[in-house]
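Notes for the one structure printed next.
Model, not experiment: these values are computed from the prediction. Convention: sequence-line order gives letters A, B, ...; per-chain numbering from 1.
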Amino acid sequence: MAAPLGREFFAGDARCVARALVGKLLVHPDGRVARLVEVEAYMGTDDPGSHAFRGPTPRAAIMFGPAGYLYVYFSYGMHWCANVVCGPEGTASAVLLRAAEPLGGVGAMRLARSHGQKVLRDLDLCRGPARLAEAFGITGEMNGIDLVASAGAGAGNGPGAGNGPGAGNGPGAGNGRSLLWLADDGAGAGGPVVATPRVGLSASRAPELPWRYVVAGSSWASRPAPG
DNA sequence: GGTAAGATCAGC
DNA sequence: CTGATCTTACCA
């Protein structure tokens, strides 16, 4: 049983939320499920590594909004990366989803990730932020969606319930209408979670801060972590 | 209106 | 290690 995470889960300090998210599940309504093994916290106007450092620019504005929404940005002219907005409204922070262990819907992930006829190992499906986003079909069109189930998630068969992909089969049935959400199955991270410096930031622009949280020794992570 | 750098990945 | 590929934000 995997209980969807509510908005209050994301409303705290992004660094605490990030650490707590390791071991949680990312769930797509079509049955794709993966356990997060690596995330990073990005803060607001005090964090030079954050997109919100320059204030609420059009791209970063969503980071200043309420917690529990998806922030998707386009990276290096070809990749999408997925974040969860954290903290109280008016402050900016988010958690970047960097890597996960595929648990369900692996076929759909492989399909979403296959660019040619190349065969991808399970290990390569979600190992890295752009790979993870691609495996779950996350693109800019999903920027700003609510990752938290709306109240009264029960039936969801109203007059307007017809649109949207994959209405209500699979594990997603409990959530109502989100296109994507996070859940807790109680299993935890399966090992110690360690904090390391964030990946990919130029050292000259941002000081090294240990805001990357990763399961020690996990081979599902985008790069090895001490363990 | 021009430009440099970027929360990356895949192929040599 | 390097190329791909384009948006964002900053500067003139």
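Between the side chain of Arg32(A) and the backbone N or O of Ala135(A) there is at least one donor-acceptor pair closer than 3.5 Å. Of the possible polar contacts, one joining the Ser178(A) side chain to the Asp146(A) backbone as a donor-acceptor pair under 3.5 Å is found. Judged by distance alone, with hydrogens and angles left aside, the side-chain atoms of Ser50(A) form no donor-acceptor pair with the main-chain N or O of Tyr42(A) at under 3.5 Å.
Nearer the 5' end of DNA chain B, as judged by each residue's closest nucleotide, is the contact made by Asn83(A), out of Arg131(A) and Asn83(A).
Remark: Trp181(A) CH2 to Leu26(A) CG distance equals 10.0 Å, nearest 0.5 Å. Going from atom NE2 of His115(A) over to atom CG of Leu120(A) covers 8.5 Å, rounded to the nearest 0.5 Å. One finds the CG atom of Leu132(A) at 10.0 Å from the CZ atom of Arg98(A) (value rounded to the nearest 0.5 Å). Taking CD of Glu208(A) as the reference point, atom CG of Leu201(A) lies at 9.0 Å (rounded to 0.5 Å).
When base pairs are accepted only as Watson-Crick or G-U wobble with both N-N or N-O distances under 3.5 Å, DNA chain C takes part in stems of 3 or more pairs at B:1-6 with C:6-11, B:8-11 with C:1-4.
As rounded to whole Å, 11 Å separates atom P of dA7(B) from atom CG of Asp47(A). When rounded to the nearest whole Å, the span between CZ of Arg121(A) and P of dA10(B) equals 11 Å. To the nearest angstrom, P of dA10(B) lies 7 Å from NE2 of His115(A).
Taking both residues in full, the closest heavy atoms of Ala183(A) and Val27(A) are given as CB-CG2, 4.1 Å, listed atom of the first, atom of the second, then distance. For the residue pair Arg131(A) and Asp124(A), the shortest heavy atom distance occurs at CD-O, 3.9 Å.
Within residues 208-225 of chain A, no residue has any heavy atom under 4.0 Å from DNA chain C. Listed by residue number, there are no residues of residues 89-113 of chain A with a heavy-atom contact under 4.0 Å to DNA chain C.
For Arg223(A), the CZ atom sits in a loose shell: 12 or fewer heavy atoms of surrounding residues, nucleotides or ligands are nearer than 6.0 Å.
Salt bridge status for Arg15(A) with Asp47(A): absent, with no side-chain N to carboxylate O gap under 4.0 Å.
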Every protein N/O lying under 3.5 Å from an N/O of nucleotides 3-6 of chain B:
from: dG6(B); atom 1: OP1; to: Ser202(A); atom 2: OG; distance (Å): 3.3

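When side chains are defined from C-beta on, Val194(A) does not count as touching Tyr213(A), because their heavy atoms never get closer than 4.5 Å.
When the side chains of ILVMFWY residues are joined at heavy-atom separations under 4.5 Å, either directly or via intervening members, Val17(A) and Val214(A) end up in two distinct hydrophobic clusters. Hydrophobic clustering keeps Val199(A) apart from Phe53(A) (ILVMFWY residues linked when any side-chain heavy atoms are closer than 4.5 Å, directly or through intermediates).
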Report all side-chain donor-acceptor pairs from residues 57-85 of chain A shorter than 3.5 Å, counting only partners two or more places apart or in another chain.
from: Thr57(A); atom 1: OG1; to: Ala60(A); atom 2: N; distance (Å): 3.4
from: Tyr71(A); atom 1: OH; to: His51(A); atom 2: ND1; distance (Å): 2.7
from: Asn83(A); atom 1: ND2; to: Tyr71(A); atom 2: O; distance (Å): 3.2

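In 5' to 3' order, the nucleotides of DNA chain C bounding all contacts with chain A (an atom under 4.0 Å from a heavy atom) are dA4(C) to dC10(C).
Residue contacts for Arg59(A): at a heavy-atom cut-off of 4.0 Å it reaches the sugar-phosphate backbone alone, with no base atom in range.
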